[in-house]
Visitor: 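If you scroll down you'll find the structure; I have some questions about it.
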Amino acid sequence: MRVQVAIIGAGPAGLILGQLLHKAGVDTIVLEAQTPEYVLGRIRAGVLEQVAVDLLDEAGVGARMHAEGLPHKGIELLIGGVRHRIDFVGLTGGKQVMIYGQTELTRDLMEARAAAGLKTVYEAKEVSVHDFDSDHPRVRYTKDGVGHEIECDFIAGCDGFHGVCRASVPQNAIANFERVYPFGWLGLLSDTSPVSEELIYAKHERGFALCSMRSHFRSRYYLQVPLTEKVEEWSDDRFWDELRRRLDSQAVAALVTGPSIEKSIAPLRSFVAEPMRFGRMFLAGDAAHIVPPTGAKGLNLAASDVRYLSRALVEFYGGSSTGINHYSARCLRRIWKAERFSWWMTNLLHFFPDTNSFDQKALEAELDYVVHSLAGRTMLAENYVGLPFDD
Ligand code: RFL
Ligand code: PHB
């Protein structure tokens with residue numbers, strides 16, 4: 001079989017790329033290791049930047065997001081029991097974010113791909129990438145025990161942090177930058193109305209807490225927990241009790257609790273692999289970089305990478321290699337700013353067990369500065385709603 005672009009991974013990066021290329025008349029196949037149900041069962045991100053919203057519109061999959069998503073004009077920081085609002089609209093000249101779960105977005109993308117009759121193979125096993133340093137790359141996989149080979153012009157490695165594409169690059173051709181944090185986030189999803197209209201990021205001496213949502217009827221809460229914690233040891237009651245301890249009296253009074261419909265612990269990591277192009281193979285999304293979720297950037301970066309990649313590939317088929325030659329550098333400029341922001345938000349809002357008392361005081365002073373200075377609040381708002389593209 002032959003296609004122009006073989007996309008490995010049917011997460012947001014792979015599916016958005018597939019949709020954008022389809023709109024431009026470029027032929028793709030998507031190979032996904034898991035079943036569609038498994039992909040949809042992963043509860044992950046919930047906040048979309050305006051530029052990601054615009055991209056989904058461009059990809060033709062924005063209708064349900066606009067009907068059901070919740071535009072948010074700001075967030076609240078809860079520090080030492082006092083709330084400070086970060087007014088995105090006022091601070092950024094009108095920008096806001098959209099609350100729309102990754103699960104819903106993925107469902108929209110899957111349906112659009114199926115409706116357009118595009119080639120997608122779920123439960124593709126033993127996926128391997130070959131000859132991407134030549135003009136004739138190939139991808140092999142097995143499905144139901146039968147081996148297949150795809151000839152293509154390009155391979156898009158959209159296969160997440162544990163995927164096969166980055167792992168297939170010779171070690172001396174890639175540089176990894178990494179920071180692992182000494183805690184994780186315990187997340188709980190429940191069909192209860194959210195505690196507040198906007199997200200609350202709470203810094204507390206017992207650890208960070210986040211009040212988020214998926215809709216007016218579905219809430220998502222997170223607690224900073226040590227990496228040694230086991231999710232089985234967290235009954236719903238224990239979770240709600242701990243969350244109450246980290247919130248202010250207004251939130252405690254408004255909190256509606258109920259049975260969890262999902263509970264999981266995710267470790268926090270910052271990671272970047274450079275470069276993101278290896279001959280005719282490109283990495284995009286979590287395959288190339290990971291951010292801690294504090295800045296809500298993971299999914300947004302995946303969207304921004306494939307925005308650059310789709311334009312570069314369309315340019316290539318139009319006769320110019322400029323886009324593909326600049327892909328890696330263009331992505332990394334934006335990625336490193338999001339990495340810095342996510343790392344900064346994480347450092348500022350979490351409790352670090354090993355931080356010395358001087359550093360602790362300096363962080364408190366920085367947070368005090370951020371919420372009380374127009375420049376500080378503007379920096380936070382500008383990064384949170386998403387930095388502009390440089391093209
Ligand atoms: P994904 O979503 O991981 O999709 C990659 C897809 O590739 C498939 N795959 C393969 N397919 C074929 N062959 C192989 N050899 C393959 N190996 C892997 C996988 O099954 C998968 O379907 O990456 P993508 O598309 O780059 O999208 C990135 C986002 O999913 C990610 O950045 C965010 O969800 C990050 N993230 C969060 N971001 C937030 O902004 N807020 C959050 O609350 C949040 N929670 C999370 C998260 C990421 C998590 N991970 C990756 C462990 C919680 C978790 C648990
Ligand atoms: C979420 O709703 O899952 C969410 C929101 C904001 C974040 C991280 C996660 O910073």
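Start at 1 and go down the list; that is how both ligands and their atoms are numbered.
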Visitor: What protein heavy atom sits nearest atom 6 (C) of ligand 1, and how far away is it?
Guide: Glu32 OE1, 3.6 Å
Visitor: Closest non-hydrogen protein atom to atom 39 (C) of ligand 1, residue and atom name please, with distance?
Guide: Ala45 CB, 3.2 Å
Visitor: Would you call Glu242 and Arg246 a salt bridge, taking side-chain N to carboxylate O under 4.0 Å as the test?
Guide: yes
Visitor: Between Glu198 and Arg85, is the closest basic N to carboxylate O distance under 4.0 Å?
Guide: yes
Visitor: Do Tyr201 and ligand 2 have an N or O pair less than 3.5 Å apart?
Guide: yes
Visitor: Assess the side chains of Arg113 and Thr28: does a donor N or O sit below 3.5 Å from an acceptor N or O?
Guide: yes
Visitor: Does only the side chain of Trp185 get under 4.0 Å from ligand 2, or the backbone, or both, or neither? Count heavy atoms.
Guide: side chain
Visitor: Measure Ile8 to ligand 1 on non-hydrogen atoms and call it side chain, backbone, both or neither using the 4.0 Å cut-off.
Guide: side chain
Visitor: At what distance, to the nearest 0.5 angstrom, does OG1 of Thr142 lie from CD of Glu123?
Guide: 11.0 Å
Visitor: CZ of Phe217: more than 12 outside heavy atoms within 6.0 angstrom?
Guide: no
Visitor: Under 4.0 Å from any heavy atom of Ala296, which atoms of ligand 1 are there?
Guide: 40 (O)
Visitor: Can you name the ring-ring contact (aromatic ring centres under 6.0 Å, His included) partners of Phe183, sequence neighbours left out?
Guide: His350, Phe352
Visitor: Short list, please: which atoms of ligand 1 are under 4.0 Å from a heavy atom of Cys158?
Guide: 5 (C), 6 (C), 7 (O)
Visitor: Looking at non-hydrogen atoms alone, which of Gln102, Arg44, Lys125, His162 comes nearest to atom 52 (C) of ligand 1?
Guide: Arg44
Visitor: Under 4.0 Å from a heavy atom of Leu31: give me the atoms of ligand 1 that qualify, with their elements.
Guide: 11 (N), 12 (C)
Visitor: Looking only at distances, please establish whether an N/O atom of ligand 2 is found under 3.5 Å from an N/O atom of Met213.
Guide: no
Visitor: Which protein heavy atom lies closest to atom 16 (C) of ligand 1, and at what distance to 0.1 Å?
Guide: Asp159 CB, 3.8 Å
Visitor: Less than 4.0 angstrom from a charged side-chain N to a carboxylate O is my criterion; do Arg269 and Glu178 meet it?
Guide: yes
Visitor: What I want to find out is whether Lys119 reaches Asp27 closely enough, with some N-O distance under 4.0 Å, to be called a salt bridge.
Guide: yes
Visitor: Give the residue and atom name of whichever protein heavy atom lies nearest to atom 13 (N) of ligand 1, and the separation in Å to one decimal.
Guide: Val127 CG2, 3.6 Å
Visitor: Which atoms from ligand 2 have a heavy atom of Pro293 less than 4.0 Å away?
Guide: 7 (C), 8 (C), 10 (O)
Visitor: For atom 11 (N) of ligand 1, which candidate among Ala33, Ala167, Ala288, Ala302 provides the closest heavy atom?
Guide: Ala33
Visitor: Where is the nearest protein heavy atom to atom 25 (O) of ligand 1: which residue, which atom, and how far?
Guide: Ala13 N, 2.9 Å
Visitor: Please determine if Ala266 has a nitrogen or oxygen closer than 3.5 Å to a nitrogen or oxygen of ligand 1.
Guide: no
Visitor: Counting heavy atoms only, which part of Tyr222 comes closer than 4.0 Å to ligand 1: side chain, backbone, both or neither?
Guide: side chain
Visitor: Considering only heavy atoms of Tyr222, which atoms of ligand 2 have at least one such atom less than 4.0 Å away?
Guide: 1 (C), 3 (O), 4 (C), 9 (C)
Visitor: Just jot down the ligand 1 atoms closer than 4.0 angstrom to any heavy atom of Gly163, in number order.
Guide: 17 (N)
Visitor: Distance check, rounded to the nearest 0.5 Å: Leu363 atom CG versus Leu349 atom CG?
Guide: 9.5 Å
Visitor: Just which atoms of ligand 2 are under 4.0 Å from any heavy atom in Thr294?
Guide: 10 (O)
Visitor: For Phe154, does the six-membered ring have the charged nitrogen or CZ of Arg280 within the cation-pi criterion, i.e. under 6.0 angstrom from the centroid and within 45° of the normal?
Guide: yes
Visitor: Could you check whether the rings of Trp185 and Phe208 sit parallel, tilted or perpendicular, using 30° and 60° as the cut-offs?
Guide: parallel
Visitor: Heavy-atom distance to atom 5 (C) of ligand 2: which of Ala296, Ser212, Ser219, Gly298 wins?
Guide: Ser212
Visitor: With side-chain hydrogen bond (donor to acceptor under 3.5 Å, both in side chains) as the test, would you mind laying out the steps for Arg220 and Tyr222 before giving the verdict?
Guide: CA-CA 7 Å; Arg220 179 73 165 157; Tyr222 294 98; 3.0 Å; yes
Visitor: Should the proximity of Leu199 to ligand 2, defined as any heavy atom under 4.0 Å, be assigned to the side chain, the backbone, both, or neither?
Guide: side chain
Visitor: Count the heavy atoms of every other residue, nucleotide or ligand shown that sit under 6.0 Å from NZ of Lys263, and state whether that count exceeds 12.
Guide: yes
Visitor: Salt bridge check, Arg244 against Asp241: does any charged N sit closer than 4.0 Å to a carboxylate O?
Guide: yes
Visitor: Is there a nitrogen or oxygen of Gly46 sitting under 3.5 Å from a nitrogen or oxygen of ligand 1?
Guide: no
Visitor: Atoms of ligand 2 less than 4.0 Å from Val47 heavy atoms?
Guide: 5 (C), 6 (C)
Visitor: Taking non-hydrogen atoms only, is Arg44 closer than 4.0 angstrom to ligand 2 via side chain, backbone, both or neither?
Guide: backbone
Visitor: Where on Ala124 is there a heavy atom closer than 4.0 Å to ligand 1, on the side chain, on the backbone, on both, or on neither?
Guide: neither
Visitor: Between Glu58 and Lys23, is a salt bridge (charged side-chain N to carboxylate O under 4.0 Å, His left out) present by the stated rule, with each step listed?
Guide: CA-CA 9 Å; Glu58 187 184 320; Lys23 290 263 157 195; over 6 Å; no
Visitor: Give the atom numbers and elements of ligand 1 that come within less than 4.0 Å of a heavy atom of Arg42.
Guide: 19 (C), 20 (O), 21 (C), 22 (O)
Visitor: Does Arg166 qualify as a cation-pi partner of Phe161, given the criterion of NZ or CZ under 6.0 Å from the six-membered ring centre and within 45 degrees of its axis?
Guide: yes
Visitor: Is there at least one pair of N or O atoms, one from Asp286 and one from ligand 1, spaced under 3.5 Å apart?
Guide: yes
Visitor: Are the charged groups of Arg334 and Glu49 less than 4.0 angstrom apart, N to O?
Guide: yes
Visitor: What do you reckon, does Pro12 have a nitrogen or oxygen under 3.5 Å from a nitrogen or oxygen of ligand 1?
Guide: yes
Visitor: Of all the atoms in ligand 1, which lie at a distance below 4.0 Å from a heavy atom belonging to Gly298?
Guide: 32 (O), 40 (O)
Visitor: Atom 4 (O) of ligand 1: which protein heavy atom is closest, and how many Å away?
Guide: Gly11 CA, 3.5 Å
Visitor: With nothing but distance in play, are any N or O atoms of Gln34 less than 3.5 Å from an N or O of ligand 1?
Guide: no
Visitor: In terms of hydrophobic clusters joined by side-chain contacts under 4.5 Å, are Ile79 and Leu243 together?
Guide: no
Visitor: Over all heavy atoms of both residues, which pair between Ala13 and Gly285 is shortest? Give the atoms and the distance, please.
Guide: CB-CA, 4.4 Å
Visitor: Quick check on contacts: which atoms of ligand 1 are under 4.0 angstrom from a heavy atom of Gly285?
Guide: 26 (O)
Visitor: Does ligand 1 have an atom under 4.0 Å from some heavy atom of Arg220?
Guide: no
Visitor: Taking 4.0 Å as the limit for heavy-atom contacts, which would you say applies to Lys297 with ligand 1: side chain only, backbone only, both, or neither?
Guide: backbone
